[in-house]
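Beneath this line is the structure, given in structure tokens, with notes to follow.
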Amino acid sequence: MKAEGLRLLKALTQAHSVPGYEDEVRDIFVEELREHGELGADQCGSVYCRKGRGAKVLVAGHMDEVGFRVQGILPNGFLKLVPVGGWWGHTLLAQRVEVKTSRGDKIIGTIASKPPHFLPESERSRVLGVESMFVDISAATQSEAEMWGVKLGDPVCPVSPWTPMRQEGHYMTKAFDNRVGMAGAIQVGQAAQATPCELIVAGTVQEEVGLRGAKALANVLEPDIAIVLEGPPADDTPGMPLSESQGALGRGVQIRLHDPSAIMNPRLARFAIETAIEEGIPHQVTVRTSGGTDAGSFNSANEGIPSVVLGTPARYIHSHNGIICTDDYFAMVALVLAMVKRLDQETVNGFTKFI
Ligand code: CO
């Protein structure tokens, strides 16, 4: 389980998979689950694998990561970007990105701006927006960039190698939001045996641009409940009081009860917490005042799908260098496996029995 998890996390974080162009993560999902159930996809590109009989329990991550698309090709060969998903200008300058052309070639470049030496003081001291930046892919002219296959709209992804850190279990790279969720969904799909429910593991598209893919997937699958797997921001860094932390590295799987996008079904959330306690799985309960996940879409889809979010906290998400502790990741996988083992029809019905 551990070696498999690390192998999956490495492969998935290195995949090029920005909103609307989730092909590389989807290919890994399909390859890994081909022999573990019945595969399917919806018309937006979200993908799933189902097995077993009983209440429909959806375990879903989102396949996309924050990235960009080519917005313009300048006469001197530089590219302009439009962000897809939330970026903070502070994290972008001098970072490497890769343009994926329609031929499948990957062209590396760096994000840059007018050098500070040429900027007036007023501009030097503020956060630059993506509109003031460009990508240098080494093309001399627009036509050279086009000859290399670069076109308007091509997806652009951060580049950051998979990096084990000195601290045991700590890893650094891009896209832990949400490749931890995808690795988790895949491992659950592979490891779960003879569940009392119909287990559907899935990867959604376009979460980072407004929880879009989850809506279509909910329509297609009509799940009875949704367990959303995420890579939420950690809050255990300088400037944030550790005593108030609800997402510290190494403290276990995060069980999210609330954020601006969703009030989780209280019974399902309690079931998650009680299962973690019974199984002795380290966990941290979270009420968030910002952020959102696919649970925001599932919660109000169809007739309302009870949802809960389980997370592996990651430092510096939406940047090139996120950091996780894999103990939290394995706690997340263990909790999902323990939950699906208990989710028989009666338990699932109980989450929505109001009269
Ligand atoms: Co996410």
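What you see is a predicted model, and the numbers here were worked out from it, not measured in a lab. For ligands, and for the atoms within them, numbers begin at 1 and follow the listed sequence.
Not a single N, O or S atom of Glu208, from either the backbone or the side chain, sits less than 2.8 Å from the Co ion (ligand 1).
Here the CZ-CD distance, from Arg342 to Glu278, works out to 5.0 Å after rounding to the nearest 0.5 Å.
More than 12 heavy-atom neighbours from other residues, nucleotides or ligands sit within 6.0 angstrom of CZ on Arg124.
Residues Leu92 and Phe68 are in side-chain contact: their nearest non-hydrogen atoms beyond the backbone lie under 4.5 Å apart.
Vertex the Co ion (ligand 1); arms to His62 NE2 and Glu230 OE1; angle rounded to 10 degrees, 100°.
Within Asp177, OD1 is the N, O or S atom that lies nearest to the Co ion (ligand 1).
Under the side chain to side chain donor-acceptor pair (under 3.5 Å) rule, Gln190 has a single partner from His36, Glu32, Glu35, which is Glu32.
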